[in-house]
Amino acid sequence: MRIQFTRTGGFAGIQLTNSVDTAQLPPDQAAALEKLIGDAGFFDLPERLAPAKPVPDRFEYEVTVTSGEQSHTLVVNDAAAPASLKPLLNYLTTLAIVNRKS
């Protein structure tokens, strides 16, 4: 499974990006990430989730997950992210921060 992650916006406006291939991760991390994707119902979410009214200084995430022949891109504002998706966004943010420091 391949994941492309980008976070933009926020108060400082710093962009954070990362690419992940679960085949390159330790098995426990790959399993955790795949579980988060499944728990979020990622492939069933619409392509865009936005709050009814614009909210300043919020993060916007663009996540593309490709698994076999299946691929889905989601653009979501953190104010509109369903609770089931937030653990995945937090995990991907943490991975991006760790990889940026490496």
Kindly give the heavy-atom pair with the smallest separation between P87 and L36, and that separation in Å. CB-CD2, 3.7 Å
Nearest-0.5 Å distance, CG of residue N77 to CZ of residue R48: 9.5 Å
Can you say whether the rings of F42 and H72 are parallel (under 30°), tilted (30 to 60°) or perpendicular (over 60°)? perpendicular
Closest heavy-atom contact between P51 and A80? N-CB, 3.4 Å
Search all heavy atoms of F43 against all heavy atoms of S67 and return the closest pair with its distance. CZ-CB, 4.3 Å
At what distance, to the nearest 0.5 angstrom, does CZ of R7 lie from CD1 of I14? 8.0 Å
Starting at CG of L85, measure out to CG of D78 and round the result to the nearest 0.5 Å. 10.5 Å
Option passing side chain to side chain contact (heavy atoms under 4.5 Å, CB included) with I3 (candidates D21, L92, L88): L92
With no hydrogens and no angle check, is any side-chain donor or acceptor of T22 less than 3.5 Å from a backbone partner on M1? yes
Run the side chain to side chain contact (heavy atoms under 4.5 Å, CB included) check on N18 and T93 step by step: do they pass? CA-CA 9 Å; N18 194 32; T93 298; over 6 Å; no
Could you walk me through whether T64 and T6 pass the side chain to side chain contact (heavy atoms under 4.5 Å, CB included) test, one step at a time? CA-CA 9 Å; T64 301; T6 303; over 6 Å; no
Closest heavy-atom contact between K86 and A81? CE-O, 3.2 Å
Nearest-0.5 Å distance that lies between atom CG in N99 and atom CZ in F5: 11.5 Å
Would you kindly say whether T8 and Q15 are connected by a side-chain donor-acceptor distance under 3.5 Å? no
Between L95 and L16, is there a shared hydrophobic cluster once you connect ILVMFWY residues whose side-chain heavy atoms come closer than 4.5 Å? no
Are V75 and V63 connected into the same hydrophobic cluster when the rule is that any two of I, L, V, M, F, W, Y join if their side-chain heavy atoms are below 4.5 Å apart? no
Is there a path from V20 to I97 through hydrophobic residues (I, L, V, M, F, W, Y) whose side chains come within less than 4.5 Å of each other? no
